[in-house]
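The structure under discussion appears below in the form of structure tokens.
Here the structure is a predicted model, which is why all the values come from computation and not from measurement.
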Amino acid sequence: MRMKKKGDAGEATLFISRSRAVRRLQISLADFRRLCILKGVYPREPKNKKRVGKNTAINTYYYVKDINFLAHEPLLDKFRQMKTYLKRMRKAVDKKESAVVAKLQQARPKLKVDHLVRERYPTFIDAVRDLDDALCLLFLFAQMPQIQRIQTDLIGKCRRLCDEFMQYVIISRSLRKVFLSIKGIYYQTDIFGQTVTWITPYQFSTRIPSDVDFKVMETFLQFYVCLLGCVNVRLYASLNLQYPPKLVAEKDDDGAGLSALVMETVDAAKAAAATATASTATAADGKAAGGKAASVSKEAGRKQIDSLKKALPAITKAARSAAADEMEVTPASVNEEDKLDVFPAQIAGGQEVLDNFETLLQEQQNRVQHSRLFQGLNFFLNRETPRYSLEFAIRSFGGTVSWQTAGSKHHGGLYAEDDERITHHIVDRPVVSKQALNRKYVQPQWVYDCINAQKLLPVAAYGVGQVLPPHLSPFVEEGPDDYAPPEKRALLAGTQGLKEGAATDEAAEVEEDDEDAEAGEGEEEEDEED
């Protein structure tokens, strides 16, 4: 019987060290790390390192099947092309050949990771389920200042993608929870039945640490930018919205934030494009007709009429849908197809199935009411408040927001500070010199506490100069035997009382309807006897 050598069978054949993997793939260690991040391949820990290799204390191991999987990746050729490109660029720079340098800059190899997104996330739900880390990193880089270690265009791309995602959350009314912590602001949304939670830093100046490897973070960021871009396309398509939304440069320069993005439906965008094409054709035909003979002018006029006839149906369709669109999709129109059907009580499964159905129906009604929490309320934000976060939170629940820009009396929203339509004025200072009688002055925490409580809380405890109540985390759920703060017990008791009161009112309405029905039947019997 032939003797087996150590490492030829058993657990040793399943693992490979990092140095051997780098030699097998014939790339540098930096490119190997980058490839593993993009492909989602991570180091593995063997159960018994002594059976795998000799230097068990310092070696990092990977699965052999993962390295074989990386060997067939098309990005390996791109890495080798980039290595050759850098050598040629360095040589041209040393020789001071400006023409060659300019030509090489135009022929720089481009690295695309679109196929990796499709490979790692076969379905759209898988991509939504893995959005937590992507959103955290993108919102972090969106707050970064412009430094040499971070690409400027990458920061701008992160800001644009984050604003587009927040616009979707606002329109779909899918925001559920908000929590202010020391690290930042936590948000939680419900997208296609998947819970997505992420954290955003506060709007302060960011201190760049010196011990952070930004090359590794940029590798993750490159993949996450592509991932969020693909997700945004599908999310906007689900609401029949044009992607990417138009960015108004003037509003963006004035610091309008989310209001700088103009949302349009797909039909309205097509109609606008058709109108622009028709006007361009009309101008060109008119210019050509001015310098031609009479016969040529008649033909140009006929072309102009034909172009207007082609564009007329699209313009008419846009005019009919303009009143309904107004670029603010309501939750009723978004979730019209998701409403539960109501079936009679005689269904297969008995009373248990009926109770579950009623529970689901009640939860859906609560979600709709929660999404309309600030419906009909007009807010005005002072310049010391966190405007970016408050605008996102208030608009996600149906409210309207306006604000005053720093250093001027110009308002950056829908209405001015002295507008009579304002119902709530949010301030974050101890004293307000002039207060209007037809509005309520509250601190920013009131907005977030109302969202987590799923109801409008009394404003007395959140007035100007008041000591605020504790800001409780909505992500902590206490059990029946766990300790709960007194404020949370009072809040739960009030919510339960509201639910019981609503149930009692519904029961009373049902009894009144039954009594009215019985009285009507009695009157009909008396009429028949007469």
Salt bridge R34-D31, side-chain N to carboxylate O under 4.0 Å = no
Do we see a donor-acceptor contact under 3.5 Å between the side chains of E391 and S259?
-> yes
Under 3.5 Å, is there a donor-acceptor pair between the side chain of N378 and the main chain of T400?
-> no
State, yes or no, whether a side-chain contact exists between T385 and W403 at a heavy-atom distance under 4.5 Å.
-> no
Quick check, are the ring centers of H425 and F379 under 6.0 angstrom apart?
-> no
Indicate yes or no: does K215 engage D213 in a salt bridge with an N to O separation below 4.0 Å.
-> no
Does the ring centre of F192 sit less than 6.0 Å away from the ring centre of F124?
-> yes
So do the side chains of V169 and F392 get within less than 4.5 Å of each other, counting heavy atoms only?
-> yes
Distance flag, aromatic centroids of H424 and Y441, threshold under 6.0 Å = no
Pairwise salt bridge (Lys or Arg N to Asp or Glu O under 4.0 Å) hits with a residue in residues 422-435, at least two apart | E384-R429
Between the side chain of T189 and the main-chain N/O of I191, is any donor-acceptor distance below 3.5 Å?
-> no
Residues R439, E420: salt bridge by 4.0 Å N-O rule | no
Counting distance only, does the side-chain N/O of S389 pair as donor-acceptor with the main-chain N or O of P386 below 3.5 Å?
-> no
Taking it one step at a time, do D126 and R129 satisfy salt bridge (Lys or Arg N to Asp or Glu O under 4.0 Å)?
-> CA-CA 5 Å; D126 294 334; R129 193 182 294 116; 2.8 Å; yes
Is the backbone N or O of L258 less than 3.5 Å from a side-chain atom of Q167, with the two atoms forming a donor-acceptor pair by type?
-> yes
Ignoring hydrogens and angles, tell me if any N or O in the side chain of Y236 forms a donor-acceptor pair with the backbone of E164 under 3.5 Å.
-> yes
Would you confirm whether the ring centroid of Y63 sits within less than 6.0 angstrom of the ring centroid of F69?
-> no
Do F165 and W198 have ring centres separated by under 6.0 Å?
-> yes
Is there side-chain contact between P474 and Y186, with at least one heavy-atom pair below 4.5 Å?
-> no
